[in-house]
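Note on naming: letters A, B, ... go to the chains in the order of the sequence lines (proteins, then strands), and numbering restarts at 1 for each one.
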There are 2 protein chains.
Amino acid sequence: MSLPALNLSGLSFARPTLVRDGVYDHLRRVVLDGDLLPGERLGEVELGEKLGVSRTPIREALMRLVQDGLLVAEANKGVRVRTMTAAEARDAYVVREELDGLAAALAAAQHTPADADALRTALHDLNASPDGEYRTQTRLDLAFHRAITQGARNGALSDLARDLEQRVALIKHQTRTYNAHPETAAQHAAILKAILARDADQARAAARLHVRTFAALVMHNLGELA
Amino acid sequence: MSLPALNLSGLSFARPTLVRDGVYDHLRRVVLDGDLLPGERLGEVELGEKLGVSRTPIREALMRLVQDGLLVAEANKGVRVRTMTAAEARDAYVVREELDGLAAALAAAQHTPADADALRTALHDLNASPDGEYRTQTRLDLAFHRAITQGARNGALSDLARDLEQRVALIKHQTRTYNAHPETAAQHAAILKAILARDADQARAAARLHVRTFAALVMHNLGELA
DNA sequence: ATTGTGGATACTGTATACAATCTGCGGCGG
DNA sequence: CCGCCGCAGATTGTATACAGTATCCACAAT
């Protein structure tokens, strides 16, 4: 045949994306961006009308978000954005210190050249983001931490770290704590440096310190809100 | 009024339990008990007929189990019991070593007298279970480890440990690795002893060793199956 | 014999209909 | 004025109906 062969590399030829997945992604971003405040209610009919779909995919997306811990469901009373208590926030940070430390250590030991590039790019983008752009900063901060867990090359760790990151995002919005802390940039740099140097112990220590610093800041703000 | 006051302690007066929750609990137990082998398909209509409910609550339960990582969904092709690869199993155990160690350390530091009782009871029940009763042993082993995370008094840790335990349960069924390893009982005893002695470091070390031992066993069996 | 094609079947994805529960308000009685 | 009852509206929970897609097998063409 004389026809040129199809180039399939990198094109997904418009796979039939499911409605419920689209709704899930949308709502997840809305919550993570802080557009819906903790405690706010998500009505099924209202969401359906706003997104132009029926209640069925809406409900399935909400179910998944509940399982993620981003929303809470009460029988016959719908779902709301989860409100983290001070104790839940502290708990999340205790675990996150351990998991982020592990992720950094593994990333130091196992990252590929492509991972290294992704890490450098992610941190550069984060540092280049303009002050006051909280939403952008929050997303880029999340992207940097995701790049670290990506470099750890551990599926279970990625999944669990994703869970924790989402909960922490909720706390941040709740306490209105953003990444403006002066030490943040230096700590990020220290983590990246240790990972690139393949110094697992140093990377773990730097990551744990970063979590502790941020946790203290958030818990302080949480205390003030109470 | 002369009528005697109602005693509400401990009775839930037949609250209208949701169908989807019942289906979720049922299917979760079925998978965790190993009655459905990895790769096996779960048809919605078939489940609906078997349980006597419509597809709607079935789908919502399946959605939650997919999010839990127990099932995998493929677009327009239904859901199957997840098959863990050797790499995924190794990943899960790496993370579990860290989290179980943390849980044991926290439990040593923070457990209440009631937690202590629960721990002792759980281990006793496990040791008393007859050999060969794999399903019972698996459940009791899971209960013991749950008692530890319970003693840690950390909600986020409980949630994440639950996720990992479920994945590990999948691996166990897949490799047909049960708790018969001779060192298991001694290691369990060591963990319990350290926790009750409030020795966090020792508890962490004992828990990590236990995970490593078991992981090695499972990975060995996984290699043989390949 | 093998490959490709067509259609029939079964199943998932989405929408809609029906049932049950919660919520808020107005009226009635104390 | 306060509290309680009860109804009406709205919302969630479940069931069913409809649409789109994958799978399988028969059968024809090479």
What are the residues of residues 20-28 of chain A, sorted by number, that bring a heavy atom to within less than 4.0 Å of DNA chain C? A/Arg20

Short side-chain N/O contact to D/dT12 OP1/OP2 from A/Arg41, under 4.0 Å: yes

Between A/Asn76 (CG) and C/dT21 (C1'), how many Å, whole number? 5 Å

Ring-face cation contact, B/Tyr134 with B/Lys172, 6.0 Å cut, 45° max: no

Answer yes or no: is there a donor N or O on one side and an acceptor on the other, between the side chain of A/Asp91 and the main chain of B/Gly155, under 3.5 Å? yes

Under the criterion side chain to side chain contact (heavy atoms under 4.5 Å, CB included), which of B/Asp21, B/Val23, B/Leu71 is the partner of B/Arg64? B/Asp21

Is the side chain of B/His111 donor-acceptor paired with the backbone N or O of B/Ile195 at a distance under 3.5 Å, no angle test? yes

Give me the residues of residues 43-64 of chain A where at least one heavy atom lies under 4.0 Å from an atom of DNA chain D, by number, or none. A/Gly43, A/Glu44, A/Arg55, A/Arg59

Using only atom types and a distance under 3.5 Å, with no angle test, would you say the side chain of B/His210 pairs donor to acceptor with the backbone of B/Thr184? no

Any side-chain heavy-atom pair of B/Asp159 and A/Arg167 under 4.5 Å: yes

Donor-acceptor pairs under 3.5 Å, side chain of residues 47-58 of chain B to any protein atom, not counting sequence neighbours: which ones?
{"residue": "B/Ser54", "atom": "OG", "partner": "B/Thr56", "partner atom": "N", "Å": "3.3"}
{"residue": "B/Arg55", "atom": "NE", "partner": "B/Glu44", "partner atom": "OE1", "Å": "3.0"}
{"residue": "B/Arg55", "atom": "NH2", "partner": "B/Glu44", "partner atom": "OE1", "Å": "2.9"}

Under a plain distance cut-off of 3.5 Å, with no hydrogens placed, do A/Gln150 and A/Asp115 share a side-chain donor-acceptor pair? no

Is the distance from OP1 or OP2 of D/dT23 to the nearest side-chain N or O of B/Lys77 less than 4.0 Å? yes

